Every structure is written in structure tokens, then in C-alpha cells.
Amino acid sequence: YVLSECIELFKKFWAQGLLTILIIAMLTIPVALLSQFLIELFGFITPSGIWFEDFDLENLSSFYGINAFYNFPLSLISTSIQIAVLGGFYRIIKVREMERDTSDDYFYFFKKEYFGKIFMLALVHSAISLVAQMLCFIPYIYAIVPLMYFSVIFAFNSEKSVEEIFKTSFLLGNKKWLLTFGSLCVCVILGIMGLIACFIGVLFTISIVYFPCYVIYREVVGFEEDSELDQIGKIQEF
């Protein structure tokens, strides 16, 4: 059910997904270039890769850990951008699904009243990612699922506290971990099929990876006006 819904939503909203990808890229690529420039300017040396003869879990952990540590400021900024833009994207999908006539506002959450909350969510997201990667990359595979829910839960519960959004993301992520992870894996495969179309086609298809969290949130929590977050513990299995 989740995969079929994701495909149907992608058919309807692929253009919005494409714009979301382009906006995130245009905002984060300059930050990434600046970050790399500063790392080289100050003489920080990060491992560029792992050779086959040196491959083991210890070297893998060190590689990801060191890179994650030096790129923490970049991660913090880029994650803030992604949470804000994806929040706007999910809001657009919800509004259009409800057949409301409104303009697509991808920058809806780029307002000063949301900056502090988005920054704190990005800080928590980046810190958890950093710790998970420094503990060898395997814990990050577990953490990535609840972290993926930050944007969608924030989008529909922006009035809630950072702590509430964080707790709900992990509660929902843990409750539906296998379903979410499996759906994401399949959607990633479907998304990268755009590489067949001279590589640039992936820009048109990769946004499908954003839909599983939206579909699962919609079916598990729903969009009722009364205390959406409080309903998590009362969910019927689906």
C-alpha cells in the first residue's frame, strides 16, 4: 500500500518534487563549496576515501567519523535548509490533496518565527547523525529512519516544541521502522533509475524518496486538527 501510494503521489507531484530538489541544491551547494574552502584554508585534512586493502570496520568508522566531524557546521546549515524546504513541500502536498486552491509556497517556513525551531531541530539531527557515524556507520542506518520524520512532523505541527517533534519522530520512526526503511530502499532504487536518462533524469525521479514518510504519517497520524501528536500512541496498526 505505501509503495503504491508513493508512486501515485509522485505521478501527481513530480514537478513539485523537482522544484524542491532544485531549491535545496541551489541553497546547499554554495554552502558546501564554502565549507570545503574553509576546511582547506585552515589546513584541516580529511580522509578522501578507503582503499580496498585498508578496508575494515575500524577504518570505515574512522573515515565517516572524521568527515562527519569536520563537516558538522555544513551539516547543520544544510539540514536546516532541508527541514524548512521539505516542510514547505509536504505542506503543498497536503493542501493540494485536500483540493484547496492555493499557490505553492516552498519558502513558507523561511520566516523568523520558525528559524529558532528549525535550527534546533537541525542541531539535534546533525548531532545524532554525527554520533551515529562516529560509532561506525551501522548505527546511522537505524537513526536515519526517525530522522527522516523531522521534516514531515514539523510541517504539520510547527507550533509544537522541538522536544515534542523529536520524541514523535523517534516514536513513529521506531513504530514503523521496517516499513519506512523498506519503502525508502525501494523508492531510492526507483529514484536512481533516472540515471538511465543521461544522468540528469535523476533530478526528475529522486524526489520519490520524500513520499514514504508523508504517506506513513498521513495514514498513522492523519491530519486531524485536534492534538495530532497525542494520537501517535493510539494508532491502529496498518
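What you are looking at is a predicted structure, and each value in this text was computed from that prediction instead of being measured. Along the sequence shown, the residues carry numbers beginning at 1.
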Please check if atom CZ in F170 has more than 12 non-hydrogen atoms from other residues, nucleotides or ligands closer than 6.0 Å.
yes
The reported gap from CD in E97 to CZ in R218 (rounded to nearest 0.5 angstrom) is 4.5 Å
If we only count heavy atoms from C-beta on, is the M148 to I216 side-chain gap below 4.5 Å?
no
Pairing donors with acceptors under 3.5 angstrom, does anything connect the side chains of S126 and S75?
yes
Let me know which of F154, Y214, F211 forms a ring pair (Phe, Tyr, Trp, His ring centres under 6.0 Å) with F89.
F211
Same cluster or not: are V215 and L178 linked, directly or through other Ile, Leu, Val, Met, Phe, Trp or Tyr residues, by side-chain heavy atoms under 4.5 angstrom apart?
yes
Which of these, L86, L22, I92, sits in a side chain to side chain contact (heavy atoms under 4.5 Å, CB included) with Y106?
I92
With a 4.5 Å limit on heavy-atom distance, are the side chains of T205 and L190 in contact?
no
Does D104 pair with R96 as a salt bridge, N-O distance under 4.0 Å?
yes
For E159, does the CD atom have more than 12 heavy-atom neighbours from other residues, nucleotides or ligands under 6.0 Å away?
yes
Does NZ in K111 sit with more than 12 non-hydrogen atoms of other residues, nucleotides or ligands closer than 6.0 Å?
yes
For C213, does its backbone N or O pair with a side-chain atom of K176 as donor and acceptor, under 3.5 Å?
no
Pairwise side-chain contact, T180 with Y149, heavy-atom cut-off 4.5 Å (strictly under)
yes
For E8, is there an ion pair with K11 - N to carboxylate O distance below 4.0 angstrom?
yes
Kindly indicate whether the side chain of S169, heavy atoms from C-beta on, has any atom under 4.5 Å from the side chain of I153.
yes
So L34 and P30, do their side chains get closer than 4.5 Å, heavy atoms only?
no
Taking all heavy atoms of I118 and all of A84, pick out the closest pair and write down the distance.
CD1-CB, 3.7 Å
Of all heavy-atom pairs between F109 and S158, which one has the smallest distance, and what is that distance?
CE2-CB, 3.9 Å
Atom NZ of K167 with >12 non-hydrogen neighbours under 6.0 angstrom
no
Nearest heavy-atom contact between L147 and S129 is CD1-OG, 3.5 Å
Provide the closest heavy-atom pair for I21 versus S207 in the form atom of the first, atom of the second, distance.
CG1-CB, 4.1 Å
Do we get K94 above Y90's six-membered ring, with its NZ or CZ under 6.0 Å from the centre and within 45° of the axis?
no
Treating T168 as the side-chain partner and I165 as the backbone partner, does any N or O pair qualify as donor plus acceptor under 3.5 Å?
no
Assess the side chains of S151 and Y210: does a donor N or O sit below 3.5 Å from an acceptor N or O?
no
What I'd like to find out is whether the side chain of C187 reaches to under 4.5 Å of the side chain of L3, using heavy atoms alone.
yes
Indicate, with yes or no, if F13 and M193 share a hydrophobic cluster defined by side-chain heavy-atom contacts under 4.5 Å among Ile, Leu, Val, Met, Phe, Trp and Tyr.
yes
Look only at the side chain of N157 and the backbone of K160, and say whether a donor-acceptor pair between them is shorter than 3.5 Å.
no
Any side-chain heavy atom of F181 within less than 4.5 Å of one from Y142?
no
Mark yes when over 12 heavy atoms from residues, nucleotides or ligands other than W14 sit less than 6.0 Å from its CH2; otherwise mark no.
no
